[in-house]
J.: 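Mind looking over this structure? Questions follow.
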Amino acid sequence: MNWLQTTNMLLTFASALAAVAFLTLLERKVMSTTQQRKGPNNVGPHGILQPMADGLKLLIKEPVHPTLSSKTMFIISPILALTLAMLMWTPMPMPTPILNMNLGLIFIMAVSSMMVFSILWSGWSSNSKYSLIGSLRAVAQTLSYEVTLGLILMCLASQTGGYTMQLFSTTQEQTWLMLPTWPLAMMWFVSTLAETNRTPFDLTEGESELVSGFNVEYTASMFAMFFLAEYSNILMMNTLSAILFISPTCNTHNAFTANLMMKTMIITSCFVWIRTAYPRFRYDQLMHLLWKQFLPMTLTACLLFTTLPLSIAATPPIN
């Protein structure tokens, strides 16, 4: 890896972490407005420096761990979660990917599936019943909804001609892929909510049941790593959704980046709005939604789109 690729990687990771910080501020501001509160408004003008103060507070706090916990896995789990969250940005065109991959979507799904190990290890190593139940819920939920996400990616790949990220920009010059495949787009959006443990699917962190779920025993910098990993996954999945279904087709890198950021921000705002508007599902409802509704519809869509390909699939891929 040369210095240019190293600089690109560092800038991408730093931009993702900075976006996570101010996404938390946006979320707190929107939620306080919907609940007729002021939200953070003391640190900096209109509370704009609140994310920096929160991050500094977490970093200078003393890290503690339960006496009976498995210390090695307890420490490794948050580090692994943040590492995998940053690794998923590698094939993303931002506008230049860190690494050009012919199977970028497969790489993202593979790394995303590895996230369950960090959650499972954190719950088991904490030696807490709340943490263990939360981690088991997270593993079952994440693995279940990855089935739907993988099938939807297969449908989209059959239309674009491959799993390369750049194909989705070149094949959507005439029309967005969301228009002919809108049922898949809707199921993808709901599945990303469940995949990132967001409301109304935040059963892994159900405050009324599990206090804080799998990370209940984590404090200070280790909790910050889990927090950064969670919100980085939200931004990454929303960026991926924008590329897959409403991909920008601009001629210049700056226009492409601005267009992609705007569309990602709109989808992320929908995530925040859903958190303020919808109550939490029960766990049986969560599984019923996937296995008895989404999965049959996704399998039907895969069969339909494979046998009756759309006109967008006729667009020749660019080597």
Side-chain angles (χ1 to χ4, degrees), residues 88 91-92 103-116 137-165 167-169 171-172 175-204 233-234 236-247 263-264 267-268 270-271 274 278 280-315 317:
M88 279 194 286
M92 300 292 288
L103 301 175
L105 291 176
I106 301 296
F107 176 82
I108 290 176
M109 291 299 296
V111 176
S112 176
S113 63
M114 293 175 63
M115 287 290 293
V116 299
R137 280 186 173 186
V139 170
Q141 176 177 331
T142 304
L143 292 180
S144 297
Y145 276 86
E146 278 182 356
V147 175
T148 300
L149 294 178
L151 289 174
I152 293 175
L153 285 181
M154 289 176 56
C155 295
L156 298 179
S158 67
Q159 305 307 313
T160 58
Y163 291 92
T164 307
M165 304 291 292
L167 281 176
F168 289 89
S169 296
T171 54
Q172 296 186 61
T175 181
W176 285 342
L177 196 57
M178 181 182 67
L179 299 179
T181 62
W182 62 267
L184 293 180
M186 294 175 61
M187 288 187 287
W188 173 273
F189 180 75
V190 176
S191 297
T192 54
L193 281 172
E195 179 76 8
T196 54
N197 300 326
R198 292 288 294 181
T199 307
F201 307 111
D202 58 337
L203 293 157
T204 61
N233 287 335
I234 293 171
M236 196 284 304
M237 293 301 292
N238 291 339
T239 306
L240 181 60
S241 301
I243 292 173
L244 294 180
F245 293 100
I246 49 176
S247 180
K263 292 174 179 177
T264 303
I267 300 175
T268 306
C270 293
F271 268 52
I274 288 173
Y278 287 92
R280 183 180 297 125
F281 272 37
R282 293 199 318 266
Y283 200 76
D284 61 320
Q285 293 174 331
L286 175 74
M287 291 301 172
H288 183 278
L289 178 66
L290 171 72
W291 295 109
K292 294 188 177 180
Q293 297 183 27
F294 278 10
L295 186 59
M297 288 190 291
T298 309
L299 290 173
T300 303
C302 283
L303 180 62
L304 181 64
F305 290 157
T306 303
T307 55
L308 300 174
L310 303 176
S311 58
I312 193 172
T315 305

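Computed over heavy atoms, backbone and side chain alike; hydrogens, waters and symmetry mates excluded. Small disclaimer: the values here were computed from a predicted structure and weren't measured. This chain uses plain numbering: 1 for the first residue, then up along the sequence.
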J.: For Val139 and Leu143, run side chain to side chain contact (heavy atoms under 4.5 Å, CB included): C-alpha distance rounded to whole Å, both residues' side-chain angles, the deciding distance at 0.1 Å, then the answer.
T.: CA-CA 6 Å; Val139 170; Leu143 292 180; 3.8 Å; yes
J.: Backbone N or O of Met109 within a donor-acceptor pair of the Glu146 side chain at under 3.5 Å?
T.: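 Not a single qualifying donor-acceptor pair exists.
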J.: Under 4.5 Å between any side-chain heavy atoms of Ile243 and Met165, yes or no?
T.: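 Of all side-chain heavy-atom pairs linking Met165 with Ile243, at least one is under 4.5 Å.
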J.: Quiz question: by atom type and distance under 3.5 Å, do the side chains of Ser112 and Glu195 form a donor-acceptor pair?
T.: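 There is such a pair (donor and acceptor under 3.5 Å, judged by atom type) between the side chains of Ser112 and Glu195.
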J.: Could I get the full list of ring pair (Phe, Tyr, Trp, His ring centres under 6.0 Å) partners for Tyr163, not counting sequence neighbours?
T.: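 With neighbours one apart ignored, the set is empty.
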J.: My understanding is that only one of Thr181, Leu184, Leu299, Leu303 makes a side-chain contact (heavy atoms from CB on, under 4.5 Å) with Cys155; could you say which?
T.: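 Passing option: Leu184.
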J.: Supply the atom-to-atom distance Thr164 OG1 to Leu105 CG, rounded to the nearest 0.5 angstrom.
T.: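 It is 8.0 Å, given to the nearest 0.5 Å.
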J.: Between the side chains of Asn233 and Thr196, does any donor sit under 3.5 Å from an acceptor?
T.: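 No.
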J.: Closest approach of Phe189 and Cys270, non-hydrogen atoms and distance?
T.: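 Smallest heavy-atom distance, with atoms named: CZ-CB, 3.9 Å.
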J.: Just so I know, are the side chains of Thr148 and Ile152 near enough to count as touching, which here means a heavy-atom distance under 4.5 Å?
T.: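 SC-SC contact between Thr148 and Ile152 confirmed.
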J.: What's the spacing between Leu244 CG and Thr239 OG1 if we round to 0.5 Å?
T.: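 Going from CG on Leu244 over to OG1 on Thr239, the span is 10.5 Å.
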J.: Just verifying a value: how many Å separate Leu179 CG and Ile246 CD1, rounded to the nearest 0.5 Å?
T.: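 Rounded to the nearest 0.5 Å, the CG-CD1 separation comes out at 10.0 Å.
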J.: Give, for atom CE of Met186 and atom CE of Met178, the distance between the pair rounded to the nearest 0.5 Å.
T.: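 Atom-to-atom, Met186:CE and Met178:CE are 11.0 Å apart.
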J.: Considering non-hydrogen atoms only, spot the tightest contact between Trp291 and Pro296 and give its length.
T.: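 Taking Trp291 first and Pro296 second, the nearest heavy atoms are O-CD, 3.7 Å.
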J.: Step by step, work out the side chain to side chain contact (heavy atoms under 4.5 Å, CB included) result for Ser241 and Trp188.
T.: CA-CA 8 Å; Ser241 301; Trp188 173 273; 2.7 Å; yes
J.: If the condition is ring pair (Phe, Tyr, Trp, His ring centres under 6.0 Å), which residues does Phe201 pass it with, not counting sequence neighbours?
T.: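 Phe201 satisfies ring pair (Phe, Tyr, Trp, His ring centres under 6.0 Å) with Phe281 only.
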J.: Would Phe294 and Val147 count as a side chain to side chain contact (heavy atoms under 4.5 Å, CB included) if you check the C-alpha gap in whole Å, the side-chain angles of each, and the deciding distance to 0.1 Å?
T.: CA-CA 10 Å; Phe294 278 10; Val147 175; over 6 Å; no
J.: Can you name the nearest heavy-atom pair linking Ile267 to Ala242, along with the distance?
T.: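 That would be CD1-N, 3.9 Å.
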J.: So, do Ile108 and Met236 sit near enough that their side-chain heavy atoms are less than 4.5 Å apart?
T.: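 Ile108 reaches Met236 side chain to side chain.
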J.: I need the minimum non-hydrogen distance between Leu193 and Thr199, along with the two atoms involved.
T.: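 So the two residues come closest at CD2-O, 4.0 Å.
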J.: Ignoring hydrogens, what is the shortest heavy-atom contact between Ser247 and Trp176? Give both atom names and the distance.
T.: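 Nearest heavy atoms, Ser247 then Trp176: O-NE1, 3.9 Å.
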J.: Considering all heavy atoms of both residues, which atom of Met88 and which atom of Met92 are nearest to each other, and what is their separation?
T.: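 That closest heavy-atom pairing would be O-CG, 3.7 Å.
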J.: Measure the CG-CZ distance between Asn197 and Arg137 for me, rounded to the nearest 0.5 Å.
T.: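 Nearest 0.5 Å value for the CG-CZ distance: 11.5 Å.
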J.: May I have the step-by-step check of side chain to side chain contact (heavy atoms under 4.5 Å, CB included) for Met187 and Leu151, ending in yes or no?
T.: CA-CA 11 Å; Met187 288 187 287; Leu151 289 174; over 6 Å; no
J.: Distance from Asn238 atom CG to Phe271 atom CZ, nearest 0.5 Å?
T.: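 Rounded to the nearest 0.5 Å, the CG-CZ separation comes out at 4.5 Å.
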J.: Does any part of the side chain of Thr192, heavy atoms only, come nearer than 4.5 Å to the side chain of Leu240, both counted from C-beta?
T.: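 With C-beta onward as the side chain, the pair stays apart.
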